[in-house]
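Notes to accompany the following structure.
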Amino acid sequence: MNISISEFDVIDSTNAEVERHLAAGEDEGFVAFAGEQTAGRGRSGHDWESPPNVSVATSIALFPTGVPIERIPRLT
């Protein structure tokens, strides 16, 4: 797996950025992280905002094979 990383000071959503890159042909291993996230979403569609200078929001494109479906949530 090749790792490709994009860093942002501010972004709407790291999940959305990963989705945009996958739609553009990026493969597994793409990582997006930001110091501030303004419109992120967590599990089950919950809002997930990351104010500046508090945390680093990170999303990674992974396509795990051989992992039972019931164990996938543990990857978070």
Side-chain angles (χ1 to χ4, degrees):
M1 169 183 9
N2 292 321
I3 304 295
S4 174
I5 301 172
S6 289
E7 174 186 356
F8 302 89
D9 291 329
V10 179
I11 195 168
D12 58 341
S13 165
T14 57
N15 277 340
E17 185 67 14
V18 167
E19 289 175 359
R20 289 188 286 263
H21 278 261
L22 290 174
E26 190 80 45
D27 202 2
E28 179 180 29
F30 176 74
V31 180
F33 71 94
E36 180 180 358
Q37 181 173 246
T38 60
R41 61 185 189 281
R43 291 170 53 170
S44 301
H46 292 99
D47 291 341
W48 187 275
E49 293 187 11
S50 302
N53 305 316
V54 174
S55 64
V56 176
T58 307
S59 295
I60 305 168
L62 293 176
F63 304 115
T65 56
V67 178
I69 193 72
E70 65 273 4
R71 300 206 54 183
I72 296 290
R74 291 184 167 187
L75 294 176
T76 63

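More than 12 heavy-atom neighbours from other residues, nucleotides or ligands sit within 6.0 angstrom of CD1 on I3.
For the atom pair E28 CD and T65 OG1, the distance stands at 7.5 Å (nearest 0.5 Å). Rounding to the nearest 0.5 Å places OG of S6 at 7.5 Å from CD of E26.
In plain terms, the two heavy atoms of A39 and S13 that are nearest each other are O-CB, 3.6 Å. Of all heavy-atom pairs between T14 and Q37, the closest is N-OE1, 2.8 Å.
One hydrophobic cluster, built from ILVMFWY side chains closer than 4.5 Å, cannot hold both V10 and F8; they sit in different ones. Following chains of ILVMFWY side-chain contacts shorter than 4.5 Å, one can reach I60 starting from I5, so the two form part of one hydrophobic cluster. In the hydrophobic clustering of this structure, L62 does not group with V18; members are Ile, Leu, Val, Met, Phe, Trp, Tyr whose side-chain heavy atoms approach within less than 4.5 Å, directly or through other members.
Of the N and O atoms on the side chains of E17 and S59, not one donor lies less than 3.5 Å from an acceptor on the other residue.
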